[in-house]
Amino acid sequence: MLTLSFMTIEDILKSDIQKAITTHFDISLDDILLQPTKKEFEGFYTFVTFSLTKATRKSPAEIGQTIGSYLVENSPVVGGFNVVQGFLNISLKDSTWLELFNDIFSDQAFGTFAANGQSVMVEFSSPNTNKPLHLGHLRNNFLGDSLSRILKASGFDVVKTCLVNDRGIHICKSMLAYRELGNGETPETSGMKGDHLAGKYYVIFDIEYKKQIAALIEQGMSEEEAAKKAPWILEAQTLLQLWEKGDEGTVALWQKMNGWVYAGFSETYQKIGVSFDKTYYESNTYLLGKDIIEEGLNSGVFFKKPDNSVWINLSEEGLDEKLVLRGDGTSVYITQDLGTTELKNDDFHNDRYLWVVGNEQDYHFKVLFAILKRLGRTYADGCYHISYGMVDLPSGKMKSREGTVVDADDLVAQMVQTATDRTRDLGKIDDFDGDEAKLLYNQLAMGALKYYLLKVDPKKRMLFNPEESIDFQGHTGPFIQYTYARIRSIARKAEQAGILATIPAPEYVLKGAERELIFTLSQYPSKVADAAREFAPSLISQYAFELAKVYNQFYAEVSIFSDPDQDAVRLRVALSAAVAETIRKALGLLGIEVPERM
RNA sequence: GGUCCGGUAGCUCAGCUGGAUAGAGCAACUGCCUUCUAAGCAGUAGGUCAUGUGUUCGAAUCACAUCCGGAUCACCA
């Protein structure tokens, strides 16, 4: 008796094909490639024979016939085959499918890989404390969160970190506007969430600043000069200096406003189900990195220009000369990032470091990683920029100053409202109490939103049209959640009727829909591995949708309980349970919860 | 201008380690609920895969060029 496992069925096929080729043609291939058989043909695995024509001097169809016949006679798993031109379509024996399903069904940890001894840090979210989160941040947060879950499932030890940008000129801008025009307003007196309140003053700063520039231009100043000499920008710079000196009043204002913002952020994070193991604050790390500059100067990696500024020449890497420290000895972005990366490595000693940051910073990360390599940092090879595309509106890029941003809190609230309306219209949960209903609305709202943002390849920019609400039907999170809820209903009924989920004897003849389900289920672990390798939660999204679709076809095609064959009933209950469990796991990797009923 | 990313159905997206008549969802149109949840299923219609050339038995997929869109090339972060 041969023991199968979901991981090896393709390997067995490949090895048997290899044997067939060696036996009949006396050649051997480095790698046998199998592809899933197209729906319109019979079979599940397809081997393409065109590439063998030269070596064998036989026609593609003849090669297919030869290998197919060999497999049917010699492979313990192959049940049949057909050849269409150069395509050898292979079917498995039903006993093989059942054995395969037995492995899946009895494996609690199906799709979860054993610890691989590697650790990885995922840094994501990284908000500024001068404005609330928007749709772009949501994509970042969901990607980072999902990636963390996927890496964990594939065997990594994962540390989730967030680097909060809580200092700098932009923070001083909202502080200044608040100090001048705030009238002591607080989240309590205004009824606004703290992050929104801070954001309001950031916008006010910009409005006032623009007025001042206009006034100076009126007086005959050039635009460039006016932008530098407007009273508020000078005042904001003064505020930044005061902050850096630790001026009591300035620091107190900074702490007060940041406190409001953090309260607002934590409310949002909780709502969207995102958390971190460690949060770094730029106010603590912005001075780091200068010792690394010193080190690099000594080792000749960096060089000084006459004005005392420090540079690195990265033309060998196809990059430019890059400033790493200003002439006055103050840091630039890359200085801080060098220091923070070193700090992260000192703190955690991970094997890999990921940064989930928009693709507008592609160049920055190329430079950062190149410098780390030049400095001989061994961890440099484990650094990856998870570059994702912007979320654009039909009108183009979101711009906070032009008021075209889609606010995260607003969007979430809107999704909850839509979920509530939809659910009430359908009237399926009229017996739910208030809390149960609320939980469901949130699950559905977040399911729809997260799925919407995670179904697209992270690297690509995507379009969001605020005029069209995010769907709850079709290729969506709720569709998959619905499939889960449907199966839970089946499971409850089975339990009531005392029907046990069991797998029939090898003689059982499977229905097409049942085979289709087992095949789709069997793909799950490799999808998890692919998603982890490619840093692409979208692969899990696509898979979850595919699985739900295949189940719904099965559900429509066969009757689970009314089949006279009790073996069939018990198998279908088992299949349903395995699908539900796999959906739950797959959606879990996307940070999406599943409802028992909906 | 240099570099990078993208251009697939009316819309939003898969497919891109080369392989069968290019796939989903939405929108449109047809059917299917007195049997397990119709947030579902089945079907119809919709495509010169931006354009051109090349490589190959075979190209949406690879190479080169062109056009279009975006990002970046800051002593901003």
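Letters A, B, ... mirror the listed sequences (proteins, then strands); counts begin at 1. Reckoned from all heavy atoms, side chains included, excluding hydrogens, waters and symmetry mates.
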Discussion item. Checking A:R572 now: which residues fulfil salt bridge (Lys or Arg N to Asp or Glu O under 4.0 Å) with it, not counting sequence neighbours?
Written reply: A:E514, A:D563
Practice prompt. Quick one: stems involving RNA chain B, counted as three or more successive Watson-Crick or G-U pairs, both distances short of 3.5 Å.
Written response: B:1-7 with B:67-73, B:10-13 with B:23-26, B:28-32 with B:40-44, B:50-54 with B:62-66
Discussion item. Using a strict heavy-atom distance below 4.0 Å, which residues from residues 487-502 of chain A are in contact with RNA chain B?
Written reply: A:S489, A:I490, A:K493
Worksheet item: Can you name the salt bridge (Lys or Arg N to Asp or Glu O under 4.0 Å) partners of A:D471, sequence neighbours left out?
Response: none
Discussion item. Within the 4.0 Å limit for protein heavy atoms, which parts of nucleotides 70-77 of chain B are touched? Write it as a string from 5' to 3', B for base, S for sugar-phosphate only, - for none.
Written reply: -SSS-BSB
Discussion item. Run the side-chain hydrogen bond (donor to acceptor under 3.5 Å, both in side chains) test against A:E223 and tell me which residues pass, sequence neighbours left out.
Written reply: none
Fill in: Pairs touching residues 304-313 of chain A that satisfy side-chain hydrogen bond (donor to acceptor under 3.5 Å, both in side chains), sequence neighbours left out
A:K305-A:E321, A:D307-A:S309, A:S309-A:W311, A:N313-A:S315
Fill in: Contacts of A:K493 that satisfy side-chain contact (heavy atoms from CB on, under 4.5 Å) - sequence neighbours left out
A:F561
Worksheet item: Mind checking what makes side-chain contact (heavy atoms from CB on, under 4.5 Å) contact with A:F545, not counting sequence neighbours?
Response: A:Y451, A:H475, A:F479, A:I480, A:K549
List every contact pair, protein side and nucleotides 19-23 of chain B side both N or O, where the distance is under 3.5 Å.
| from | atom 1 | to | atom 2 | distance (Å) |
| --- | --- | --- | --- | --- |
| B:rA20 | N6 | A:T46 | OG1 | 2.9 |
| B:rA20 | N6 | A:N89 | OD1 | 3.0 |
| B:rA20 | N1 | A:N89 | OD1 | 3.2 |
| B:rA20 | N1 | A:N89 | ND2 | 3.3 |
| B:rG23 | OP1 | A:K38 | NZ | 3.1 |

Practice prompt. Output all residues satisfying side-chain hydrogen bond (donor to acceptor under 3.5 Å, both in side chains) with A:Q336, sequence neighbours left out; order by chain, then residue number.
Written response: none
Practice prompt. Sugar-phosphate atoms are those with a prime plus P, OP1 and OP2; base atoms are the rest. Using that split, label each nucleotide of nucleotides 26-32 of chain B B, S or - for protein heavy atoms under 4.0 Å, 5' to 3'.
Written response: S------
